[in-house]
Amino acid sequence: MTNYLTEDELDFESWQTEAIALTPAAIQQAIQLSSKIPNQKQQWQAYLNILALFAFTQWSEEKAPLLSINQENSSILQPQYTNFIEAVCNLQVGDFKICLLAMGSLTDDEISLPRPALEIPEFTAHFYVIVEVSEEIEAATIIGFMRYDQLIERFRAINLPADSDWTYPLPLSWFNPNTDDLMLYLRCLESTAIVLPVPPVRRPATLSAIQAQLSPILPQLQSGKREIWQLINWQQATEILTNPPLLNWLHQELISLNQPPKLTQKILNVGLWLRDEIDDLARELSWVLLPAFNSEKLGLAGGTAMRSPIEELEAIVTQLERRGTAISPAARGACKTFDLASTPLRLYALSWPLLSVENIPEWKLLLILGGSPTGTRLPNGVTMQVSDNVSLLVEQVLKPNTVEPYLYSLVAGTWDEQFTVTIALNNGASLTLPSFAFRPH
């Protein structure tokens, strides 16, 4: 089926290709998403990549309406990846992973393949697809593709080295220009026919140590004068890319350095919970205030499946208290049920006031992350981080041998301190919630 041409035989200008119109809505969305990239030098390539994603999705839907397409985990829709991967990785079409390589024109005879898309199993793809984006005429064209196994064979045959900027220059002549072949593969081939590398079991890194290494280079990255590949080595890059909490931290640091201080900030005021009230932001984010609880009435706490939120919370609190975690009877809590990358999760937050030994008013925040209301267990590798305005305070990771089906963190601070929670899955998806603050008056 596949018809590979030699470089002499290949004339890209003569390809019989089909243009895909880019709608004004798609262009506007690409502008908005790419403008969120901290490094302005990367915004143009991100813009092309987003348009390539929209164009390929439209092409797939038109050619094979029954194929399922999932953009949710696409790297380009998660800005934290843009410092490392100038491509669209982890686009899911049916059972296949697709990597899109966008280019602005066919004036070059090479395309750059980001090194992570080939060497890090979390980002490899069954098919690598070139999409030409002609922004000036508001159209895109799929001009060629290559299977992972055939790409690896090419690399082994010529031992192609990576460039210093963590990319591989691939000749366009390597790619099959027949897009009908690609669609036939997507519709008829079993994904197991193209074997992808399996991500290894990775030991959770000590974030504080790596953050200490990265902190000095942040101003240079923010200034745009130097790229990240000029400041760290490939081993460090791999460690960052396979550690979602660390990657998210780096992205948030770059954003904060790139923006002026904000005079106002959205917060979740948990202090109102003590008065049986909930603020507008919490209500908007679907937090549900729970009634006052009694952790003693349940006796021995069993499993949490199919319980109401207050019953589940009481059971978990009972377990924590028996291990020595002191929780005030005055504590009030709320819960939020949500999906992160199609993974159902439930987060509980409890707060209560206290006085320090120096009679300084303080407050405590207890966070409990569990699975879905139907009893689905948290996936291994899920991480919950709690930070204040200065640094990371707590990081909890669910390991395979963890008995409890939840993660919890307890932090304390003065009434003017706030805490930020980030939840991340081991597939790279993450969510950072608005800061929790304690303002009961």
Side-chain angles (χ1 to χ4, degrees), residues 2-20 22 30 34 41-56 59 74-76 81-91 93 96-120 123-136 139-179 181-182 185 194 227 229:
T2 307
N3 179 25
Y4 286 96
L5 305 177
T6 66
E7 191 166 1
D8 293 335
E9 294 171 329
L10 189 59
D11 180 3
F12 280 88
E13 298 298 331
S14 66
W15 279 8
Q16 298 299 312
T17 55
E18 180 180 352
I20 304 162
L22 298 170
S34 59
K41 293 181 180 179
Q42 296 171 327
Q43 290 181 359
W44 175 250
Q45 186 60 49
Y47 173 70
L48 296 179
N49 288 337
I50 296 166
L51 290 178
L53 172 63
F54 292 159
F56 185 86
W59 175 79
S74 298
S75 59
I76 193 59
Y81 288 108
T82 53
N83 276 307
F84 299 88
I85 308 176
E86 291 193 335
V88 182
C89 293
N90 291 337
L91 171 63
V93 179
F96 293 98
K97 289 173 63 180
I98 305 294
C99 175
L100 301 179
L101 307 173
M103 58 190 310
S105 68
L106 285 178
T107 56
D108 298 327
D109 58 3
E110 292 181 343
I111 184 79
S112 291
L113 173 66
R115 190 173 176 181
L118 184 69
E119 294 188 16
I120 300 180
F123 303 102
T124 54
H126 294 93
F127 298 103
Y128 296 83
V129 182
I130 302 177
V131 181
E132 180 193 13
V133 179
S134 303
E135 191 263 348
E136 67 280 359
T141 308
I142 299 170
I143 61 173
F145 76 98
M146 195 170 190
R147 292 170 45 151
Y148 171 82
D149 50 354
Q150 294 164 339
L151 181 59
I152 291 299
E153 288 180 8
R154 291 270 187 169
F155 269 76
R156 289 172 178 168
I158 66 173
N159 194 25
L160 183 67
D163 286 345
S164 60
D165 62 351
W166 303 337
T167 63
Y168 286 102
L170 305 185
L172 296 182
S173 58
W174 283 14
F175 291 79
N176 179 2
N178 190 343
T179 57
D181 283 356
L182 174 59
Y185 281 138
I194 304 174
E227 302 297 334
W229 52 267

Using a 4.5 Å cut-off on heavy atoms from C-beta on, say whether the side chain of V129 contacts that of L101. no
Residue among L100, I85, I76 satisfying side chain to side chain contact (heavy atoms under 4.5 Å, CB included) with N49: I76
Going by ring-ring contact (aromatic ring centres under 6.0 Å, His included), name the residues that satisfy it together with Y128, two or more places apart in sequence or in a different chain. none
Excluding sequence neighbours, so at least two apart, what forms salt bridge (Lys or Arg N to Asp or Glu O under 4.0 Å) with D165? none
Are the side chain of K97 and the backbone of C89 linked by a donor-acceptor contact shorter than 3.5 Å? no
Atom pair CG/CD1 of L22 and I20 - distance to nearest 0.5 Å: 8.0 Å
Determine whether a donor-acceptor pair (N or O, by modelled atom type, separation under 3.5 Å) exists between the side chain of Q42 and the backbone of T82. yes
If I take atom CG from residue L172 and atom CD from residue E132, how far apart are they, to the nearest 0.5 angstrom? 10.0 Å
How long is the gap from CD1 on I194 to OH on Y148, to the nearest 0.5 Å? 11.0 Å
Check whether any side-chain heavy atom of W229 sits under 4.5 Å from a side-chain heavy atom of F84, and report yes or no. no
Of all heavy-atom pairs linking L160 and P169, the shortest is CD2-O, 3.7 Å
Please tell me if the side chains of L91 and L53 come closer than 4.5 Å, counting only heavy atoms from C-beta onward. yes
Side-chain touch M103/I130, heavy atoms, less than 4.5 angstrom: yes
Determine, stepwise, if the pair L118 / L151 fulfils side chain to side chain contact (heavy atoms under 4.5 Å, CB included). CA-CA 9 Å; L118 184 69; L151 181 59; 3.7 Å; yes
Straight-line distance of M146 CE to E153 CD, nearest 0.5 Å: 8.0 Å
The test is side chain to side chain contact (heavy atoms under 4.5 Å, CB included); show your working for I98 and F56 and say whether it passes. CA-CA 10 Å; I98 305 294; F56 185 86; 4.2 Å; yes
Side chain to side chain contact (heavy atoms under 4.5 Å, CB included) assessment of L48 paired with V131: CA-CA 9 Å; L48 296 179; V131 181; over 6 Å; no
Nearest 0.5 Å, what's the CG-CD1 distance between N178 and I142? 12.0 Å
Rounded to the nearest 0.5 Å, how far does CG of L182 lie from CZ of F175? 12.0 Å
Are P114 and W166 side-chain neighbours, meaning at least one heavy-atom pair lies under 4.5 Å? no
Nearest heavy atoms of A102 and A52, plus distance in Å: CB-CB, 3.7 Å
E119: which residues meet the salt bridge (Lys or Arg N to Asp or Glu O under 4.0 Å) condition with it, sequence neighbours left out? R115
Quick one: do S74 and V88 satisfy side chain to side chain contact (heavy atoms under 4.5 Å, CB included)? Show the steps, please. CA-CA 6 Å; S74 298; V88 182; 4.2 Å; yes
I'd like to know whether the aromatic ring centres of F96 and F127 sit less than 6.0 Å apart in this structure. yes
For S34 and A30, indicate whether the former's side chain and the latter's backbone hold a donor-acceptor pair under 3.5 Å. yes
